[in-house]
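One structure is given below, encoded as structure tokens.
The basis for the numbers below is simple: all heavy atoms, side chains too, and nothing from hydrogens, waters or symmetry mates.
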Amino acid sequence: MTQLTSTEAPALRVVIDIGDVPKLAHIAGLLIALEGLCDFAAVVVAGPPLANHEMEGMRVVQPAGRSTELRIPSQRPEHPVDFRALRVRFASPLETVLTAVAGDLKPVAYAVAAMGIVKQGLNLVMDWQRHRADLEARRTGVHPESDEAHNFADAALATLLNAHHDGERLRASDKEAAHVALRILATRRIVAAETDLPRQR
């Protein structure tokens, strides 16, 4: 069993409104998108993994039978920061509590910084969703392939890169995966993205 005590970052509680009796594929798509944002945060903090992994397509089903493609590595690369689920509740609203664990020799600051990037990305989604609600556009819903979702993801990704990294070290595939993750997360209302103090053991 892995010992997390000395390298554990604060937990991040993420709550997403998934509607009444959602399809399991919709829940899986949101969790995969959240994982994509976490992977992006790990790459921003410490650079891409040394090994180049082939990308394979994975369809993520969205409401109303629409789907979008999220490209994921065929083999999970080793990141210096590993995100783990402390708790997941599948009832609506979907709730997950994440923690980030730094690799064996990496300082805990890597994990804390990566968690901060994930929280900032989720806050960008929530701000955009509130803006849409103010314009009464939210009632029409959004599809991850719409121009509106693409424009939002472009702006959010630029904000994350400007705030945390110049973007030159990142591969195009890392940026594209984060772009798709942001578009998918924008399809459901994010109710909360809250950090707390590290758990005491």
Does some side-chain heavy atom of [Y] sit less than 4.5 Å from a side-chain heavy atom of [X]?
X: Val125; Y: Phe152; value: yes
X: Leu157; Y: Phe40; value: yes
X: Leu31; Y: Glu35; value: no
X: Val14; Y: Val118; value: no

Ignoring hydrogens, what is the shortest heavy-atom contact between [X] and [Y]? Give both atom names and the distance.
X: Ala181; Y: Ala33; answer: CB-O, 3.2 Å
X: Cys38; Y: Leu98; answer: SG-CD1, 4.0 Å
X: Pro22; Y: Ile27; answer: CG-CD1, 3.9 Å
X: Ala41; Y: Ala114; answer: CB-O, 3.4 Å
X: Ala100; Y: Ala111; answer: O-CB, 3.5 Å

Criterion side chain to side chain contact (heavy atoms under 4.5 Å, CB included) on Ile32 and Ile184, from CA distance to verdict: CA-CA 9 Å; Ile32 290 168; Ile184 291 170; over 6 Å; no
Co-membership, hydrophobic cluster, residues Leu30 and Val191, 4.5 Å side-chain: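 No, Leu30 does not connect to Val191 through the hydrophobic network.
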Linked, directly or transitively: Ile18 and Met126 (ILVMFWY side chains, under 4.5 Å):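 Shared cluster, yes.
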Test item: Gln120 side-chain N/O and Leu160 main-chain N/O as donor-acceptor pair under 3.5 Å: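 Not at all, since once roles are kept as given, no pair shorter than 3.5 Å links the two residues.
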Gln129 (side chain) donor-acceptor with Arg188 (main chain) under 3.5 angstrom: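 Side chain of Gln129 to backbone of Arg188, a donor-acceptor pair under 3.5 Å: yes, one is there.
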Criterion side chain to side chain contact (heavy atoms under 4.5 Å, CB included) on Glu194 and Lys119, from CA distance to verdict: CA-CA 8 Å; Glu194 306 164 336; Lys119 183 178 180 191; 5.8 Å; no
Side chain to side chain contact (heavy atoms under 4.5 Å, CB included) between Arg183 and Thr187, intermediate numbers included: CA-CA 7 Å; Arg183 291 188 338 246; Thr187 64; over 6 Å; no
With Asp154 via salt bridge (charged side-chain N to carboxylate O under 4.0 Å, His left out) - residues at least two apart: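 Asp154 satisfies salt bridge (charged side-chain N to carboxylate O under 4.0 Å, His left out) with no other residue.
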List, one per line, each side-chain donor-acceptor pair under 3.5 Å for residues 87-97, sequence neighbours excluded.
| residue | atom | partner | partner atom | Å |
| --- | --- | --- | --- | --- |
| Arg87 | NH2 | Glu95 | OE2 | 3.4 |
| Arg89 | NH2 | Pro93 | O | 2.9 |
| Ser92 | OG | Gly19 | N | 3.4 |
| Ser92 | OG | Gly19 | O | 2.9 |
| Glu95 | OE2 | Arg13 | NE | 2.9 |
| Thr96 | OG1 | Arg87 | O | 3.2 |

Trace of the side chain to side chain contact (heavy atoms under 4.5 Å, CB included) decision for Leu34 with Ile16: CA-CA 11 Å; Leu34 184 58; Ile16 304 172; 5.5 Å; no
From CG (Leu122) to CD1 (Ile190), nearest 0.5 Å: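 Reported value, rounded in 0.5 Å steps: 4.5 Å.
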Nearest-0.5 Å distance, CG of residue Asn151 to CH2 of residue Trp128: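 The CH2 atom of Trp128 is 9.5 Å from CG of Asn151, to the nearest 0.5 Å.
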